[in-house]
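Reading through the structure tokens given below for one structure.
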Amino acid sequence: MALKIYNTLTRKKETFRPIQPGRIGMYVCGITVYDYCHIGHARVLVAFDAMTRYLRSQGWDVNYVRNITDIDDKILRRAAENNEPFSDLTARMIDAMHEDERALGVLPPDNEPRATHHIDDIVDMVATLVDNHYAYVADNRDVYYQVSRFPDYGRLSNKNVDELMVGARVEPGESKRDPHDFVLWKAVGEDETGWPSPWGRGRPGWHIECSAMSTCLLGETFDIHGGGPDLPFPHHENEIAQSEAATGKTFVHYWMHAGAVRVDDEKMSKSLDNFFTIREVLEKYHPEVVRYFLLSSHYRSPINYSEDNLVEARQGLERFYLALRDFADVAPATLETIKSSAHYAQFIEAMDDDFNTREALAVMFDLVRELNTLIQAGAPSAAALAAELKGLGAVLGLLGSAPEVFLRSGSRQSGLDDSAIEALVRERDDAKKNKDYARADSIREQLSGQGVVLEDAREGTRWRRG
RNA sequence: GGCGCGGUGGCAGAGUGGUUAUGCAGCGGACUGCAACUCCGUGUACGCCGGUUCGAUUCCGACCCGCGCCUCCA
């Protein structure tokens with residue numbers, strides 16, 4: 001079965017056809033680095049990471065580009081508030097972002113272009129648009145894109161420019177010819193952050209960097225362009241207008257957009273004060289639990305960040321790790337060695353269907369049941385199945401932890417440290433030997449109250465944080 | 001107002017024109033000193049109303065409800 005991808009442009013699932021056989025150029029809109037990444041960013045990062053891992057596992061040569069917006073009004077405003085150079089702020093936030101990514105098991109993209117490193121490319125593209133009469137220099141020396149010159153405007157987000165009029169407004173003093181026009185190059189004064197250009201000192205507008213950098217790194221036409229749920233309009237619409245006007249070529253073949261993250265069933269927003277940064281979330285939950293949570297729904301569905309759902313994610317992962325407990329030293333199977341496995345075939349079928357990670361996880365759970373049955377029977381083949389499970393998990397960036405470490409990590413920190421728990425476990429073992437079951441049960445109850453679960457296995461008592 | 005998405009069993013969440021999703025929770029059983037883990041069994045789930053069909057949760061239409069975008073936001 002062939003890979004199918006839902007294309008925002010056509011609003012349909014389409015069979016993926018690469019521009020060059022075996023190769024995929026993919027550009028994903030990254031972060032504006034004026035603050036820490038939040039759980040919504042995490043979703044986009046994890047979703048496209050899982051896709052990239054999967055595509056590579058299937059032999060695709062993926063060139064994954066994800067930009068960093070490191071110059072923008074919000075950045076300048078925040079830097080001014082902090083009374084620091086904007087580049088100090090962005091450097092700090094970029095480091096923080098990389099830290100968050102690593103925690104979530106997100107592999108670095110192949111290229112991570114920054115707007116401030118591509119000012120020349122941006123200026124070149126703006127100049128082309130001015131030369132082509134798709135852009136004009138306004139009285140205030142801003143350069144604007146003239147939306148009315150681009151007939152296809154609104155095609156991606158299925159919007160009719162005339163109907164947009166209703167909500168549009170022109171700020172007093174703006175020099176646009178039309179409210180829909182958007183800024184490509186923003187004029188600034190001598191004392192403001194900016195770069196020289198044919199139109200005077202200025203800085204890039206909000207959308208042009210992605211057009212310039214994607215073209216620079218992936219060519220005038222490339223395969224996949226992705227991003228968050230609020231990007232189709234206006235950001236990606238404007239990118240299309242810019243790039244296609246500048247090059248005269250189709251910009252992108254497949255547009256992919258992740259679904260929204262909600263918090264306790266409300267829109268996540270700063271005004272509602274229900275905004276969670278990745279760092280805050282990771283204080284409460286194991287990073288792999290967060291990753292699993294994000295992959296346990298289809299990437300396009302809205303998901304709800306809530307205590308219940310994260311606890312449930314924890315429980316799901318526990319099932320995997322309990323099965324893998326005795327196979328800590330078993331290496332993940334390479335896909336080559338499991339290519340004839342029925343589970344693998346189902347896994348691929350799920351992932352080929354627009355990256356249905358939830359369905360892929362369901363296949364892995366089926367495998368877990370078989371694995372547990374083999375373990376129970378003491379079958380030597382269990383190790384191979386465990387390796388297969390790890391191999392499938394690795395494609396999604398999951399199950400890479402040491403099982404016992406994960407199981408003892410706990411969703412909430414127990415008040416007892418490991419040695420205190422182990423002392424109590426030993427005490428209980430002694431009580432059991434003396435058939436003092438009342439004492440043994442009271443210790444177990446005490447631990448249970450601390451979130452510690454005991455299991456009396458043949459080899460001795462095991463414990464984990466539940 | 002315009003455009004779009006969705007309403008699935010207690011919860012989460014896939015999917016399908018007729019046959020088990022899956023996970024968690026529940027119930028019964030096996031195992032256990034008791035548990036936990038695990039396995040086995042167990043749920044007349046598909047918003048409402050019409051239509052198409054031998055048959056619809058799945059297709060079509062209307063309706064109700066929820067959500068997103070239309071403004072900076074992943």
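All chains are named by letter (A, B, ...) in the order of the sequence lines, taking the proteins before the strands, and each is independently numbered beginning at 1. All of these numbers come straight from a predicted model, not from anything done at the bench.
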Could you pick out which residue, Phe365(A) or Trp206(A), lies toward the 5' side of RNA chain B when each is mapped onto its nearest nucleotide?
-> Phe365(A)
Nearest nucleotide by nearest heavy atom, which residue falls closer to the 5' end of RNA chain B, Glu266(A) or Ala362(A)?
-> Ala362(A)
Would you call the rings of [X] and [Y] parallel, tilted or perpendicular if under 30° counts as parallel and over 60° as perpendicular?
X	Y	value
His236(A)	Trp255(A)	tilted
Tyr27(A)	His225(A)	tilted
His38(A)	Phe275(A)	perpendicular
Phe150(A)	Tyr145(A)	perpendicular

[X] [atom1] - [N] [atom2] separation (whole Å):
X	N	atom1	atom2	answer
Ile75(A)	C72(B)	CD1	P	16 Å
Leu361(A)	C24(B)	CG	P	13 Å
Ile31(A)	C73(B)	CD1	C1'	11 Å
Glu349(A)	U16(B)	CD	C1'	13 Å
Leu231(A)	C73(B)	CG	C1'	9 Å
Leu294(A)	A74(B)	CG	C1'	12 Å
Glu237(A)	U71(B)	CD	C1'	15 Å
Asp441(A)	U32(B)	CG	C1'	12 Å

Is the cationic atom of [X] (NZ for Lys, CZ for Arg) positioned less than 6.0 Å from the six-membered ring centroid of [Y] and within 45 degrees of its normal?
X	Y	value
Arg408(A)	Trp463(A)	yes
Lys13(A)	Tyr6(A)	no
Lys159(A)	Phe233(A)	yes
Arg314(A)	Phe406(A)	yes

Under 4.0 Å, counting only non-hydrogen atoms across every strand here, what does [X] touch: a base, just sugar-phosphate, or nothing?
X	result
Lys435(A)	nothing
Val363(A)	nothing
Met268(A)	base
Tyr437(A)	base
Ala258(A)	nothing
Arg462(A)	nothing
Gly154(A)	nothing

Side chains of [X] and [Y]: donor-acceptor distance under 3.5 Å anywhere?
X	Y	answer
Ser341(A)	Glu388(A)	yes
Tyr64(A)	Glu112(A)	no
Asp354(A)	Tyr299(A)	yes

Run the salt-bridge test on Arg291(A) and Asp49(A) with the 4.0 Å N-O cut-off and return the result as yes or no.
->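 Yes, charged N to carboxylate O under 4.0 Å.
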Determine the Euclidean distance between corresponding [atom1] atoms of [M] and [N]; express it in Å to zero decimal places.
N	M	atom1	answer
C72(B)	G1(B)	C1'	23 Å
A25(B)	U19(B)	P	28 Å
C11(B)	A45(B)	P	13 Å
G29(B)	C67(B)	C1'	44 Å
U8(B)	C59(B)	P	15 Å
G33(B)	C27(B)	P	23 Å
G17(B)	G7(B)	P	16 Å
U44(B)	G9(B)	C1'	11 Å

From the options U22(B), G68(B), A74(B), select the nucleotide whose nearest atom is closest to the side chain of Asp230(A).
-> A74(B)
Verify the ring-centre separation between Tyr305(A) and Phe276(A): is it less than 6.0 angstrom?
->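 Centroid separation for Phe276(A) and Tyr305(A): below 6.0 Å.
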Would you check, one step at a time, whether the test ring-ring contact (aromatic ring centres under 6.0 Å, His included) holds for Tyr285(A) with Phe293(A)?
-> CA-CA 11 Å; Tyr285(A) 304 102; Phe293(A) 164 67; 8.8 Å; no
Return the stems involving RNA chain B, sorted by first number, where pairs are Watson-Crick (N1-N3 with N6-O4 or O6-N4) or G-U wobble (N1-O2 and O6-N3), both under 3.5 Å, and runs are 3 or more long.
->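 Stems (3+ consecutive pairs) listed as B:1-7 with B:64-70, B:10-12 with B:22-24, B:26-30 with B:38-42, B:49-51 with B:59-61.
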At under 4.0 Å between heavy atoms, which parts of nucleotides 35-40 of chain B does protein reach? Answer with one letter per nucleotide, 5' to 3': B base, S sugar-phosphate only, - none.
-> BBSBSS
Which letters describe nucleotides 3-15 of chain B, given B = protein heavy atom under 4.0 Å from base, S = only from sugar-phosphate, - = neither?
-> SS------BBSSS
